[in-house]
Amino acid sequence: MSTDSNNRPLNGTNATAHGVGADLPRTIATLNEAETYRVLVTATNWATLGHAYGSAAEAPKRLAELLAQDQTVRTKALDYLHHTLHHQNTLYDATVPAALCVAAILPNPRTTRTVDKNHHLTTGCMRAELLHWIASVADAVTDEVDVLSRRHGFPLDDYPPAVGTRRIRPPLHSAAVPYVDDTDRQVAEAAITACIPLLDDPRLLHHRAALIPAIRQTLGTSKRWQHREQAIDTLDTWGEDSTGLEGQQNPFLFCDSDAPTDGAPCPVDTSEGYSEPPPF
């Protein structure tokens, strides 16, 4: 997580005060795009929250578009998650309620639709990509990140969006864990990658034992070497046996075979009038 002063929330408000949490109806799991927008637009005061480009007033519309009929619109909505609400793995005020929204729509049948593949979106499956995004958000507040942040003089406890993200780890875990044994292998792997960093939370440590078989049998045998490496690292960190698992076999291979290899930079979402990346 970046701790540059330019990455601080738009107005310095405490992100935990703006969470949608219990105010978000469970029925969002069955709503369409238009209905979801009507719920989200009143769920929290988005205009007072910030993201990489300023006010998050447009967030309800973009989040609702994750359920759009049009694949291009859905893909742009996912890009918005990555490049605006969680730009360069940075947490913002708006990241916290957005994460709760993403978690809330995971059971929606519309999340089984496809999306375009690009540098960030490698599975082509909406639900898997949403779980990967939750994993990225959770990765920003792990114990390891906290140690590194403190070493550089930026403890996570002093950064409201990090505090807010840590606070919502239990509901994020509850949303992700049902998909650990999903019949869609990509969804199952994504769910495991989301649960692993969430289980750094002291309130969730007791769930680690139940996840270990899936880490070994699913993540540890993945076609993606990054997932196999994560399985090995996690088992080792948790004091579990990782014998028999094979990580990256080619030390010079940095990309999956199905990921873009042209070296092109990640695209910037310009649909809201942003013409260039943030200055950090």
Side-chain angles (χ1 to χ4, degrees), residues 18-20 24-25 27-44 46-47 49-138 165 172 175-176 179 184 186-187 190-191 194 260 265-275 277-278:
H18 299 273
V20 293
L24 193 65
T27 52
I28 196 172
T30 61
L31 301 182
N32 62 27
E33 178 187 355
E35 293 165 335
T36 299
Y37 170 74
R38 286 195 290 272
V39 170
L40 295 183
V41 76
T42 59
T44 195
W46 296 96
L49 304 180
H51 54 46
Y53 299 95
S55 170
E58 80 293 339
K61 177 178 183 295
R62 303 308 304 277
L63 289 168
E65 287 173 349
L66 293 167
L67 303 176
Q69 290 275 3
D70 189 287
Q71 179 166 313
T72 299
V73 174
R74 294 196 301 273
T75 302
K76 287 183 177 180
L78 277 170
D79 284 338
Y80 175 79
L81 288 181
H82 286 286
H83 303 307
T84 302
L85 290 175
H86 190 37
H87 181 76
Q88 295 182 343
N89 300 322
T90 300
L91 299 175
Y92 301 92
D93 281 342
T95 312
V96 180
L100 289 172
C101 292
V102 169
I105 69 171
L106 281 174
N108 195 307
R110 295 169 180 81
T111 62
T112 60
R113 293 168 173 166
T114 57
V115 293
D116 299 334
K117 291 185 178 183
N118 58 34
H119 285 79
H120 273 288
L121 315 178
T122 59
T123 69
C125 170
M126 170 65 80
R127 183 173 287 158
E129 295 300 344
L130 293 176
L131 285 162
H132 278 305
W133 186 79
I134 289 175
S136 180
V137 170
T165 301
L172 295 184
Y179 301 100
D184 185 322
Q186 294 183 114
V187 171
C266 292
V268 175
D269 186 344
T270 60
S271 59
E272 298 297 330
Y274 315 132
S275 59

### Message
side chain to side chain contact (heavy atoms under 4.5 Å, CB included), that's the test. Do L131 and V102 meet it? Break it down for me.
### Response
CA-CA 8 Å; L131 285 162; V102 169; over 6 Å; no
### Query
Could you walk me through whether L31 and I105 pass the side chain to side chain contact (heavy atoms under 4.5 Å, CB included) check?
CA-CA 9 Å; L31 301 182; I105 69 171; over 6 Å; no
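In this structure, a donor-acceptor pair under 3.5 Å is absent between the side chains of T30 and N108. Between the side chains of E58 and H51, at least one donor N or O sits under 3.5 Å from an acceptor N or O.
With hydrogens and angles disregarded, no donor-acceptor distance shorter than 3.5 Å links the side chain of R74 to the backbone of L66. For the pair R113 (side chain) and L67 (backbone), a donor-acceptor distance under 3.5 Å is present. S55 places a side-chain N or O within donor-acceptor distance of the main-chain N or O of A47, the cut-off being under 3.5 Å. Panel note: side chain T90, backbone H87; a donor-acceptor pair is recorded below 3.5 Å. Distance alone, capped at 3.5 Å, is enough to place a donor-acceptor pair between the T75 side chain and the D116 backbone. Judged by distance alone, with hydrogens and angles left aside, the side-chain atoms of W133 form no donor-acceptor pair with the main-chain N or O of H86 at under 3.5 Å.
Using a 4.5 Å heavy-atom cutoff, the side chains of T114 and M126 are not in contact. The shortest side-chain heavy-atom distance between V137 and V96 does not fall under the 4.5 Å cut-off. By the 4.5 Å heavy-atom criterion applied to side chains, V115 and C125 are not counted as neighbours. Contact of the L49 side chain with the Y92 side chain is not registered, since no non-hydrogen atoms from C-beta on lie closer than 4.5 Å.
Here L85 contributes atom CG and D79 contributes atom CG; the two are 12.0 Å apart, rounded to the nearest 0.5 Å.
Residues A176 and A191 come closest through the heavy atom pair O-CB, 3.6 Å. Here the shortest heavy-atom pairing between Q186 and D184 reads N-OD1, 2.9 Å. Minimum interatomic distance between V187 and R127 (heavy atoms only, all atoms of both residues): CG1-CD, 4.0 Å. A175 and L106 make their closest contact through O-CD1, 3.7 Å (heavy atoms, listed as atom of the first residue, atom of the second, distance). In plain terms, the two heavy atoms of L63 and W46 that are nearest each other are CD1-CH2, 3.7 Å. In plain terms, the two heavy atoms of E65 and E33 that are nearest each other are CG-OE2, 3.4 Å.
Residue L91 forms a side chain to side chain contact (heavy atoms under 4.5 Å, CB included) with just one option from D93, T95, N89, and that option is T95.
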